[in-house]
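See below for the structure under consideration.
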2 protein chains.
Amino acid sequence: MHVKRGYHHGSLKQALVEAGVALLAEGGPSALTLTEAARRAGVTPAAPYRHFSGRDALLAEIARQGFESFGARIEAAWDEGRPDAQSAMRAMCAAYLAFAREETGLYAAMFGQAATLADPRAGGAADHALEILWRAVVAWLQAAGAPAQGARHVALQVWALAHGVAMLTISGHFDAGRTADPAAVLDGAVAGVMAAAAGKGRPVS
Amino acid sequence: MHVKRGYHHGSLKQALVEAGVALLAEGGPSALTLTEAARRAGVTPAAPYRHFSGRDALLAEIARQGFESFGARIEAAWDEGRPDAQSAMRAMCAAYLAFAREETGLYAAMFGQAATLADPRAGGAADHALEILWRAVVAWLQAAGAPAQGARHVALQVWALAHGVAMLTISGHFDAGRTADPAAVLDGAVAGVMAAAAGKGRPVS
DNA sequence: ACCTGAACACCGTTCAAGT
DNA sequence: ACCTGAACACCGTTCAAGT
């Protein structure tokens with residue numbers, strides 16, 4: 001195994017990304033330090049600059065890969081609308097929150113301001129994740145016999161909802177005395193938004 | 001005016017807070033540095049430690065004051081439900097987004113993880129802001145002739161929605177190609193959530 | 001081509017010392 | 001009681017130099 005995988009034998013870039021993800025998981029965004037990532041990869045603090053233009057570039061690459069695995073996860077949860085659009089939507093929302101809670105630091109880094117600005121490719125990966133959400137909304141509306149017109153707008157509403165719940169949970173604003181179950185808040189609100197979009201009455205009971 | 005107001009004549013604590021707010025406005029959370037705040041207040045880097053236990057404590061005090069002015073602003077926009085609950089709710093949502101967009105750095109600091117953990121008083125100020133939202137939801141439901149039961153849950157939904165739209169706008173995820181009007185997304189979603197909570201049909205057209 | 005060594009500016013924090 | 005001066009560890013970044 002020491003053929004071409006020694007930390008600084010051709011894979012330093014990815015080694016830095018993985019070290020960075022671990023740092024985010026351990027101590028949040030402020031713990032992501034270029035120097036410490038280099039230390040964990042077994043190189044000096046100057047070495048990363050051969051692969052990244054700076055700290056923000058590393059963060060952007062981490063965000064890009066984060067959006068990829070995030071997109072894959074919610075896509076799997078949606079499972080092409082099986083067994084039915086409403087259950088699949090609930091499963092996707094649950095997967096969304098689960099990702100944010102399991103990979104707190106990574107999620108925060110993905111949605112921090114710096115990431116998408118530093119590298120357009122990170123924005124592209126985010127676009128792809130949003131598109132999965134959009135397809136789910138379209139399928140939901142079709143299953144409800146409603147016109148899929150305006151689905152993009154509804155997808156943004158669902159996204160804002162999921163992101164808001166995720167961020168308030170992460171930042172601790174949902175725990176401090178307010179003892180609300182984040183998943184229940186999200187479920188209820190998504191049901192309301194979707195019902196309104198479908199032009200139906202009360203949310204699915 | 002040089003009686004007791006010289007920067008380091010009894011008001012250093014508030015001077016540091018104000019310098020910090022300015023730094024947040026100019027360069028975001030990462031620009032909020034204890035050293036630079038001290039420099040602007042005309043004291044050495046060690047001076048702040050007589051008033052704050054560290055950087056996070058300054059951030060928490062800034063967040064606390066931020067939640068106070070934030071709460072005052074959305075309360076004024078709600079204006080006790082005048083001229084009617086629906087318009088007042090829309091005005092409150094608009095004020096919410098306006099605050100987040102005008103005081104981007106401050107808003108991000110208020111909802112960052114560190115702030116509320118470092119000082120429970122910041123959490124208390126956040127509670128007060130949420131309570132205004134809650135009262136608005138209750139009034140909205142009453143005006144719609146619906147039972148106000150479960151209003152707390154609905155208030156959390158509206159909060160998550162507003163926060164999600166605000167954060168996605170701030171982080172640039174709503175601009176990158178997605179050209180969505182944040183206010184329109186929020187308005188539509190809130191209308192949907194409220195209509196569902198009131199047990200009504202389509203959202204207010 | 002990729003990495004080291006040394007250096008600089010900057011920040012958070014501590015502590016002894018001043019007034 | 002409140003602040004300065006000096007110090008330490010740490011980080012981002014640059015650059016000349018090694019292999």
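Per chain, numbering begins at 1; letters A, B, ... match sequence-line order.
- Spacing between atom OH of A:Tyr49 and atom P of C:dG5 amounts to 17 Å, rounded to whole angstrom units.
- DNA chain C contains the following stems of three or more consecutive Watson-Crick or G-U pairs, with both distances under 3.5 Å: C:4-8 with D:12-16, C:12-16 with D:4-8.
- Counting heavy-atom neighbours within 6.0 Å of B:Gln149 CD, excluding the residue itself, gives a total of 12 or less.
- What separates NZ of B:Lys13 from P of D:dA1 is a distance of 16 Å, to the nearest Å.
- Both A:Glu36 and B:Pro45 lie close to DNA chain D; mapped to their nearest nucleotides by heavy-atom distance, the more 5′-ward contact belongs to B:Pro45.
- Side-chain N/O atoms of B:Thr33 include none lying less than 4.0 angstrom from OP1 or OP2 on C:dC10.
- Straight-line distance from the CZ atom of B:Arg55 to the P atom of C:dT13: 8 Å, rounded to whole Å.
- At whole-Å resolution of the value, CG in B:Leu34 and C1' in D:dC11 are 17 Å apart.
- Here the closest heavy-atom approach between residue B:Leu141 and residue B:Ala151 is recorded as CD1-CB, 4.2 Å.
- Set against C:dC3, C:dT14, C:dG5, the side chain of A:Ala46 has C:dG5 as its closest nucleotide.
- Minimum interatomic distance between B:Ala38 and B:Pro45 (heavy atoms only, all atoms of both residues): CB-CA, 4.2 Å.
- The shortest distance between the side-chain N/O atoms of A:Thr35 and the OP1/OP2 oxygens of D:dG12 is below 4.0 Å.
- Between A:Gln157 and A:Val193 the shortest heavy-atom distance is OE1-CG1, 3.2 Å.
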Interface polar pairs with nucleotides 17-19 of chain D, N/O, under 3.5 angstrom:
none

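- Taking side-chain N and O atoms only, A:Arg39 has a distance below 4.0 Å to OP1 or OP2 of D:dC11.
- The CG atom of A:Leu59 sits 11 Å away from the P atom of D:dT13 (whole-angstrom rounding).
- The phosphate of D:dC3 (OP1 or OP2) has a side-chain N or O of B:His51 nearer than 4.0 angstrom.
- If you measure from atom CG of B:Leu32 to atom P of C:dC11, you get 11 Å, rounded to the nearest angstrom.
- If you measure from atom CZ of A:Phe52 to atom P of D:dG12, you get 14 Å, rounded to the nearest angstrom.
- Atom CD of B:Gln113 has 12 or fewer heavy atoms from other residues, nucleotides or ligands within 6.0 Å.
- Note: CG (B:Leu58) to C1' (C:dC11) measures 14 Å, nearest angstrom.
- Taking the six-membered ring for Trp and the full ring otherwise, the centers of A:His163 and A:Tyr107 sit less than 6.0 Å from each other.
- Comment: A:Arg73 does not engage A:Glu68 in a salt bridge, judged by the lack of any side-chain N to carboxylate O separation of less than 4.0 angstrom.
- No hydrogens or angles considered: nothing links the side chains of B:Glu61 and B:Gln14 as a donor-acceptor pair under 3.5 Å.
- Heavy-atom contacts from other residues, nucleotides or ligands closer than 6.0 Å to CH2 of A:Trp134 number 12 or fewer.
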